[in-house]
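The shown structure was predicted, so the numbers you read here are calculated from the model rather than taken from an experiment.
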Amino acid sequence: CSVVAANLGCELAKKPGSCALVDLKAEGGDLATLLNLKSAHTLADLSRNVDGLDATVLKNCLVPHPSGALLLSAGGDFPGFAPVDPRAVQRSLSLLSRQVDFVVLDLDRCLNHLTFTTAQTADALVLVMRPDFPALRRTRLMLDWMVDSGVDRSKFRIVLNRTGWSGEVPATQVAETLQMKVAIDIPDDPKPLLRSVNSGESMVLALPSAKFSKRIVQLAEELRGAATRRSG
């Protein structure tokens with residue numbers, strides 16, 4: 001999920017400052033590592049003084065990536081995890097929405113209070129899943145729970161990750177089980193993707209012709225189109 005989020009943010013950042021990436025995996029998020037960035041200040045730091053959080057303070061916590069994306073990290077590394085105040089997240093997102101066209105959030109897979117409240121306010125929710133039965137079951141449970149809790153079903157986009165293997169659950173069965181179409185499927189392309197991850201390079205920038213990159217571009221175009229329809 002984090003690899004998809006990192007590359008999606010880079011693709012949406014067609015011009016400098018047009019997209020922000022926010023790592024909400026408080027216990028050791030990977031966006032900074034995946035993009036070879038170092039964050040001096042994080043959401044955990046902003047949480048210590050929520051009342052003093054303004055655009056200037058937030059700017060000092062944003063780390064620019066060569067793609068033009070701006071990264072806001074959640075917190076430090078193990079074992080020094082610091083709590084993230086939901087108020088700091090809400091305030092940061094409010095400020096960012098006035099500065100950039102897109103904000104990509106890498107949410108924790110655990111449905112905690114922070115994840116759920118943030119998901120409620122999102123314009124689109126991308127559910128990344130492997131095409132196997134356990135992943136399908138977990139996705140169905142989470143999707144049903146969030147919809148029953150008041151999240152609009154039309155917000156969700158299903159992304160099948162690392163497809164193309166014999167014996168995987170077909171996209172048609174995924175769509176039938178989840179009662180929604182699959183937005184994109186990302187074929188498994190391990191060698192270039194591993195090189196990208198290990199070098200801290202964005203795949204969509206380093207290898208734009210790769211299968212993975214083309215699917216991320218497709219997802220970004222769909223999200224741009226949805227944003228245009230909302231604003232229109």
Side-chain angles (χ1 to χ4, degrees), residues 1-14 16 18-44 61-81 84 102-110 115 124-132 134-135 138-139 157-166 168 182-223:
C1 295
S2 295
V3 172
V4 171
N7 281 274
L8 179 60
C10 291
E11 174 59 28
L12 288 170
K14 286 296 188 182
S18 65
C19 181
L21 270 163
V22 181
D23 198 333
L24 289 182
K25 294 183 176 178
E27 297 185 355
D30 293 318
L31 291 186
T33 302
L34 289 170
L35 296 174
N36 195 25
L37 298 175
K38 194 173 289 288
S39 300
H41 304 288
T42 67
L43 268 170
C61 296
L62 299 174
V63 184
H65 183 262
S67 65
L70 301 170
L71 173 66
L72 177 59
S73 294
D77 295 324
F78 180 86
F81 299 139
V84 172
F102 297 95
V103 180
V104 176
L105 311 176
D106 190 16
L107 297 175
D108 202 315
R109 64 181 292 176
C110 299
T115 299
L125 293 164
V126 179
L127 295 182
V128 182
M129 58 167 287
R130 292 288 300 276
D132 58 51
R138 288 195 302 269
T139 302
R157 307 291 190 278
I158 305 299
V159 172
L160 286 183
N161 197 22
R162 301 181 66 181
T163 65
W165 289 91
S166 175
E168 68 186 25
V182 174
I184 63 166
D185 68 283
I186 302 177
D188 199 18
D189 203 6
K191 289 184 178 180
L193 191 58
L194 279 174
R195 285 197 296 268
S196 170
V197 167
N198 290 337
S199 63
E201 293 183 308
S202 166
M203 186 89 153
V204 295
L205 298 181
L207 293 169
S209 62
K211 300 173 185 176
F212 175 90
S213 302
K214 290 180 178 179
R215 293 298 198 277
I216 293 297
V217 170
Q218 181 183 340
L219 178 60
E221 289 175 349
E222 198 278 333
L223 294 173

Between the CZ atom in Arg215 and the CG atom in Asn7, the distance rounded to the nearest 0.5 Å is 14.5 Å
In terms of heavy-atom contacts, Pro131 and Asn161 come closest through CD-O, 3.2 Å
Drop me the distance from Thr139's OG1 to Met129's CE, to the nearest 0.5 angstrom. 4.5 Å
Straight-line distance of Leu219 CG to Ile184 CD1, nearest 0.5 Å: 4.5 Å
Side-chain H-bond candidate by donor/acceptor type, Thr163 with Asp185, under 3.5 Å: yes
Which of these passes side chain to side chain contact (heavy atoms under 4.5 Å, CB included) with Ser39: Val63, Leu72, Leu31? Val63
Leu35 and Cys10, any side-chain heavy atoms less than 4.5 Å apart: yes
Please table the atom pairs, donor to acceptor, closer than 3.5 Å between any side-chain atom in residues 188-196 and protein atoms at least two apart or in another chain.
{"unit_1": "Asp188", "atom_1": "OD1", "unit_2": "Arg162", "atom_2": "NE", "d": "3.2"}
{"unit_1": "Asp188", "atom_1": "OD2", "unit_2": "Trp165", "atom_2": "NE1", "d": "2.8"}
{"unit_1": "Ser196", "atom_1": "OG", "unit_2": "Glu201", "atom_2": "O", "d": "2.4"}
{"unit_1": "Ser196", "atom_1": "OG", "unit_2": "Met203", "atom_2": "N", "d": "3.4"}

For Lys214, side-chain contact (heavy atoms from CB on, under 4.5 Å) partners two or more places apart: none
Hey, what do you get for SG (Cys1) to CG (Leu8), rounding to the nearest 0.5 Å? 12.0 Å
Keeping Ser213 on the side-chain end and Leu207 on the backbone end, is there a donor-acceptor pair under 3.5 Å? yes
Could you walk me through whether Thr42 and Val84 pass the side-chain contact (heavy atoms from CB on, under 4.5 Å) test, one step at a time? CA-CA 9 Å; Thr42 67; Val84 172; over 6 Å; no
Hey, what do you get for NZ (Lys14) to OG (Ser67), rounding to the nearest 0.5 Å? 10.0 Å
What's the shortest heavy-atom distance between Ala69 and Ala13, and which atoms? N-CB, 3.5 Å
Given side-chain contact (heavy atoms from CB on, under 4.5 Å), test Leu24 with Asp108 step by step and report yes or no. CA-CA 6 Å; Leu24 289 182; Asp108 202 315; over 6 Å; no
When rounded to the nearest 0.5 angstrom, what distance separates CG in Leu12 from CD in Glu221? 10.5 Å
What are the two closest heavy atoms between Leu71 and Leu37, and how far apart are they? CD2-CD1, 3.9 Å
Can you see which heavy atom on Arg130 is nearest to which on Ala135, and at what distance? O-CB, 3.3 Å
Identify whether the distance between the nearest side-chain nitrogen and carboxylate oxygen of Lys25 and Asp30 falls below 4.0 Å. no
Quick one: which of Leu205, Asn36, Leu21, Leu70 gives a side chain to side chain contact (heavy atoms under 4.5 Å, CB included) with His65? Leu205
